[in-house]
Structure formats: structure tokens, C-alpha cells
Amino acid sequence: MPRIFGKKQRAEIAGEVRQCQLLSTFGIGSIIDFVQDTVMVAGTDNWDSDEDWEVRRLFNNNLQMITGVEYFLAPKTAVNVNFIKSQDIESFIFPRKLYCPVCKHIIDAGELRNQRRKHRCFMPSESKTNKPCGGHLVASRFVIVCPNGHIEDFPYSWWVHHGKECTKSKNPRITMFNIDNRSDIDSLFVKCDDCQAWRSMANAFSKNAFAGENGYRCSGRYPHLGKDYQSECNETMTARLRSSSSVYFPVAISALTIPPWSREEIQLVEAEYGELTAWSRYGDQAMLDFINRRILSRVKKSCTATDLLAAYKLVKEQKNSAKVQSEADILAAEYDVLCREMVNEDEYVACEVRVPDDFERYFDSITVIDKLTVINALIGFTRVSPWNGELRSGCLAPLSVVKKNWLPAVKQLGEGIFFKFNQDVLSAWVELVGDRYQDMEMELAESFLENTRFSPQYVALHTFAHLLIRQLANDCGYSASSIKEKIYSTYMDDSDRPKMAGVLIYLAVADSEGSLGGLISIASDSERMRIVLKNMLRKAQWCSADPFCSNARKQGFHSLNYAACHDCVLLPETSCEFRNVLLDRVAIVGMPENLSLGLMGEAIMSMIDESCSF
């Protein structure tokens, strides 16, 4: 529940957001429109200032290694304070420029400090003598942003005076209005009441509107860190609607909590690691005494102090090594666990099930994950352009004034299905399609996106995941936006790690204890899974945009898709791990005249034969 605050203003409740939204749509630095106020979510400087902040710590050893933090911290919610709604997520009023739709004046929020009615215009009314206008103030529609994550109020006075000072007043009063009762941007004008200068807003959104010798340079402001915080920046600003999707791109990274790190004793040791390290100087017996006093009573399962001591040594060994350093290492570790026949740990429970008939040649195994835990951490955000995928790119806006040794995160619980593909079948298909994806590879190299896993195999696995999610959404009752994917494909030029070829389809939520079991109930029944896969292939063979879609080579963002459009393959952005690109329906089902171009072309041929026989 964000709250508005300022140096001389009493804190006020602005509205409510869900915990998981603070790591995505309404994350740090985002703009939220509530009923009365429009605010920007403040940084994380005060997240660890309350007495019980240690209770909200989360641990995922692999994710800690690649992000370089000691732990993660969940936002305070109603659950943490006995169902009393938390007011500890702070926010600032932004934009500071407010607009009165009655008298058309632009008013700064700072002018309302001494006003009794905070949301009403105080300008003199033209129709009521000696009375204020009283119009309900709304946030300005326009802001200016820069590629380094800075954002400011639209400089209305600067704009109307063409970068110069008003000749009549140091603080001119500005009005904004549409002519002829129109609502388009071409009819929108800004006027200075003092010097009578006026200017159209039509060109404000052009690329070079604030450029030039006397252009408006970025002042390096991060409003989410307070109005006094500034950094060096000389980028040229560009205008945006405050509600534009290009104003805020959250950057989150996630990892599964897998054995051995999913064990309860490991999680408890992580929480007390600092204390245990201090006691380790006095020997194992001193550590065992501390474990008996502080930790053992909190263990829910059968566990001894010796087990906890062994867990500490395992955590210490991992922290002192540089084994896990990249996303590739995380995926390799997860892939190894997902491929096991049966695992029953505290936060990860999975078992292998029978592969459906007619699909044995494509899958080495299918694993049902009854209990899945995901840590989703926010590492920063960008403006103007999305994140390029490079973890250490240095282009992310900071989340706090003082750099923390933790990142904001949420713990998500759910279920999943893991498909391990037959590597021989995949390799044979890759050889068959040859250089079909050469153009896609060139487009990826020319774009700002980074994906070192790109290969024909990745395209096939990624497309399979999209097609299956769309089909599962129909069969299990979940919305497609709630089901997510994770692709395990061998990295380019990676000969040190074992080859990977797998797809994880999962559902995990932060607001409840797990999910409804719809995914695992389908995967546990091999005949039902067989029907789902066959229906998926039937549906994927045809698109309402065919034959254009099936023959396309330049669809999607930066022409990074082939046969993939919103009617046949694309998913909500929350479901896709890589921005709905590197997709091709033909990679799975082939072309009507050449089914062998599809990885599962033989399955489609057998389906056709079955229809003919019937």
C-alpha cells in the first residue's frame, strides 16, 4: 500500500497494490494511477528499517551468486502484520505538475501544501467572483524521459517560451487547452498567461524536440529516490505520455529453488549464516551449541544439530567458490535436477511420469513437479528502451540511494511440467532444416537484444512451449498470462557443460500457497496428455493469417519471428521468457507441403493416417 510523503507533508494513503505487482508492473520507479493521486513507487531504502525485516528475507543460492547479493527481501504485506494492511511501501507524488480540466491551468503539487482541499484547484474562478475554481486536479499527461532511466515533469514553461525565460514573470502561470473542442494532439496548445506566448504540443513528441544547441538536457533526476537525488547525465530528453509502456520497463530475474538449496536446513542456515560464521572461530562444538539454542527449535522436520552443521559447511563452500557465475550455470544446475526421476525435498517435489503414446521418440522423459518454488527478484528498470538481457550491462536505474546487499524479491509457489527432449531427434531435425534460421540469427545480431542460447534448437523448444501454453490454457482453466515457460537449451560455443534440451511449463504465484493442480493433473494422466499434445499440433497447423503467416520470415519485433503471430503462437508478455521473439510455428508442425520441416512432422503424418483409416 504505497503512501505519499514529502518534507513538509503528512503521509497519506495513496492506494493498494499486490505484492507480486511490486516486482513487475508497479515496481520501483513505476507510475501508478490511484483514485485520488498519481504516484511513483519509491526506492527500497526503507524496506529494511522495521524491526521484523529479517523475517522477510529470502534465499536462493544460485540467484545470489549471479546477482552478487547476500539475500533477497520481500515487501511487507498484510500477511506479515497479522492482516493489518501494510503502509511501508512509500511513494512520491509524480508527476508534480497537475492539470485542472475546468480552468485549464497547470499547477505544481508544491503549491497545494497549504491548501485544505488537496485535490481541488485554488485558482480564481471566472464564473464565481472571489471563489476558487474547485476543479478536481489530475496528473499531467506528459513527462520527459532519457535512456539512462531519468524522468522529469514536462517543462511546459520551457516549451511555450522556446527554451527562454518569460519576459513578464519568473514563475509564469501556464494553461493548456484544446481548440475547437477537439481531443487530438494537433489541437492541443500551451499558453503563458503572463506574456501571452503560446505553442502547439504537436511537435513535442518528435525525436529531436528537445535537442539542439539550446535543447533541454537531462538533469539526472530519479524521482523514486527523492527530489534531492541527482546524477550526472547529458542525454537529450524525449516526451512521452505518462501511461506509455516505454516509460517503465521492469527488469526481473528468477531462479528455481532446487536441491540441495531447497532443503529446510539450508534455508535456516542461510538466515543465520553471519552468526554461524562468527561462532565457527571457536570450533564445531561452539557452533553446535549455538545451533541447539537458536536454530534447532525452528526446524519443522526431523533434523539434528549435526545435519545443520553439515548444511552450514555446504553453504560456506558454495559462497567461497566461484562455481556459479552466470545464468548458464543456473540453468545447467536446474536442468540436472529437473531430469531426475524422483526428488522429494522441502521446497521441490517431483517425479517422472509415463510419456504419452505416439510421442516417445520426441521426449526422453516427462516430469511432474508437484511443488515448485521460484524466487523472482527485481534488479532494476529501464526507460525508453527495454533491457537488452545483459545482466551486467550497467544501463539499469538504481533501486536505492545507498546500494544494498540485497534485492527486492517475492517467493512464488506452484506446480509445473518438465519435458526432456530426445537430443538425437533434435539434432537430426537441426541438420534437416539447415540454414533456415540464418536470417533470424542476423536480425538478432543487429538488434540490441542479447541471447547466447540462440540456435534452431532454441527456436523449436521456445515455439513448442508457446503452443503448449496456449493449449493448456484451454484445457486446464488457467489464463495463458498466468502460465510461464523456461527454456533449457545448450548455449552457443559451450562445450564445458552437458547439452540441454528441455522445456519447463509452470504456474507459480506469490499471493497463495501454491496452485490448483490443473497442470499436474493433466501431465499425470498420459492419455490426457496425449490428447493435449495432439490438439496442440492440430491447432498449430492452421492460422487465420495463413498462408501469409506460415510463409513469413520477418514478423514480430525487429523481424525476429517467422511463422508466429498473435493468432497462432504469441503469448502475453508475462508468460514468455524472451519478449515473444525467436519463434516459428513451422519449426514444430512444418509446412502443409513439407511436414518434415517440423520437429513433430512425423506425429502429424500419423495423425493424418489415423483420420484416413477412420
Considering only distance and modelled atom types, tabulate donor-acceptor pairs under 3.5 Å from the side chains of residues 24-32, sequence neighbours left out.
unit_1: Ser24; atom_1: OG; unit_2: Cys20; atom_2: O; d: 3.2
unit_1: Ser30; atom_1: OG; unit_2: Gly27; atom_2: N; d: 3.3
unit_1: Ser30; atom_1: OG; unit_2: Gly27; atom_2: O; d: 2.7

Using atom types as modelled, flag every donor-acceptor pair under 3.5 Å from a side chain in residues 369-380 to any protein atom, sequence neighbours excluded.
unit_1: Lys371; atom_1: NZ; unit_2: Asp346; atom_2: O; d: 2.7
unit_1: Thr373; atom_1: OG1; unit_2: Glu347; atom_2: O; d: 3.0

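Taking the six-membered ring where tryptophan is involved, the planes of Trp47 and Trp406 are essentially parallel, since the angle between them stays under 30° and well short of 60°. Ring geometry for Tyr229 versus Tyr222: interplanar angle of 30 to 60°, hence tilted.
Between Phe578 and Phe557, the ring center distance fails the sub-6.0 Å criterion. Taking the ring centroids of His224 and Tyr248, they lie at or beyond the 6.0 Å cut-off.
Side-chain atoms of Asp336 do not come within 3.5 Å of backbone N or O of Ala333 as any donor-acceptor pair. Side-chain atoms of Arg294 never come within 3.5 Å of backbone atoms of Glu272 as a donor-acceptor pair (strictly under, hydrogens ignored). Not one N or O on the side chain of Ser575 forms a donor-acceptor pair closer than 3.5 Å with the backbone of Lys484. The backbone N or O of Ala74 sits less than 3.5 Å from a side-chain atom of Arg56, completing a donor-acceptor pair. In this structure, the side chain of Asn580 engages the main chain of Leu571 through a donor-acceptor pair within 3.5 Å. Judged by distance alone, the side chain of Glu334 and the main-chain N or O of Ile258 form no donor-acceptor pair under 3.5 Å. At least one donor-acceptor pair closer than 3.5 Å links the side chain of Glu415 to the backbone N or O of Ile520. Using a distance-only test at 3.5 Å, with no hydrogens or angles considered, a donor-acceptor pair links the side chain of Lys404 to the main chain of Asp45.
Between the side chains of Glu152 and Tyr216, at least one donor N or O lies within less than 3.5 Å of an accepting N or O. A donor atom on one side chain and an acceptor atom on the other are found under 3.5 Å apart for Thr236 and Arg217.
Remark: Ile483 CD1 to Leu507 CG distance equals 6.5 Å, nearest 0.5 Å. With values rounded to the nearest 0.5 angstrom, Arg383 atom CZ is found 12.0 Å from Leu396 atom CG. Considering CG of Leu276 and CZ of Phe290, their distance stands at 5.0 Å, rounded to 0.5 Å. Note that the CG atom of Leu58 and the CD atom of Gln64 stand 9.5 Å from one another [nearest 0.5 Å]. Residue Cys121 holds its SG atom at 3.5 Å from CD1 of Ile107, rounded to the nearest 0.5 Å. Taking CG from Leu461 and OH from Tyr488, the interatomic distance works out to 12.0 Å, rounded to the nearest 0.5 Å.
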Start with the C-alpha distance between Ile106 and Tyr99, add both sets of side-chain angles, then the distance that settles side-chain contact (heavy atoms from CB on, under 4.5 Å), and finish with yes or no.
-> CA-CA 5 Å; Ile106 301 291; Tyr99 173 71; 3.8 Å; yes
Please test Ile291 against Leu309 for side-chain contact (heavy atoms from CB on, under 4.5 Å), starting from the C-alpha separation and ending with a verdict.
-> CA-CA 8 Å; Ile291 288 171; Leu309 181 61; 4.2 Å; yes
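Taking Ala311 as the reference, Glu265, Ile266, Val269 meet the side-chain contact (heavy atoms from CB on, under 4.5 Å) condition, with sequence neighbours excluded. Every residue meeting the side-chain contact (heavy atoms from CB on, under 4.5 Å) condition with Ser244, not counting sequence neighbours, appears here in chain and number order: Arg240, Leu241, Ser246, Val247. Partners of Thr306 by side-chain contact (heavy atoms from CB on, under 4.5 Å), not counting sequence neighbours, listed by chain and number: Thr304. Looking at residues two or more places apart in sequence or on another chain, you find no side chain to side chain donor-acceptor pair (under 3.5 Å) involving Gln21. Under the rule for a ring pair (Phe, Tyr, Trp, His ring centres under 6.0 Å), the partners of His462 that lie at least two apart in sequence or sit in another chain are Tyr458, His466. Considering only residues two or more places apart in sequence or on other chains, Glu232 meets the side chain to side chain donor-acceptor pair (under 3.5 Å) condition with none of them. Remark: Ala286 engages Trp279, Tyr282 in a side-chain contact (heavy atoms from CB on, under 4.5 Å) (not counting sequence neighbours).
The salt bridge (Lys or Arg N to Asp or Glu O under 4.0 Å) pairs that include a residue from residues 248-260 number zero, where partners must be two or more places apart or lie in different chains. Counting only residues at least two apart or in different chains, salt bridge (Lys or Arg N to Asp or Glu O under 4.0 Å) contacts with residues 307-317 comprise Asp284-Lys313. Every pair passing salt bridge (Lys or Arg N to Asp or Glu O under 4.0 Å) that includes a residue from residues 250-263 is listed here, sequence neighbours excluded: Arg263-Glu345.
Counting heavy-atom neighbours within 6.0 Å of Asn405 CG, excluding the residue itself, gives a total above 12.
Tested against Leu98, the residues Leu137, Thr38, Asp153 include a single side chain to side chain contact (heavy atoms under 4.5 Å, CB included) partner, Leu137.
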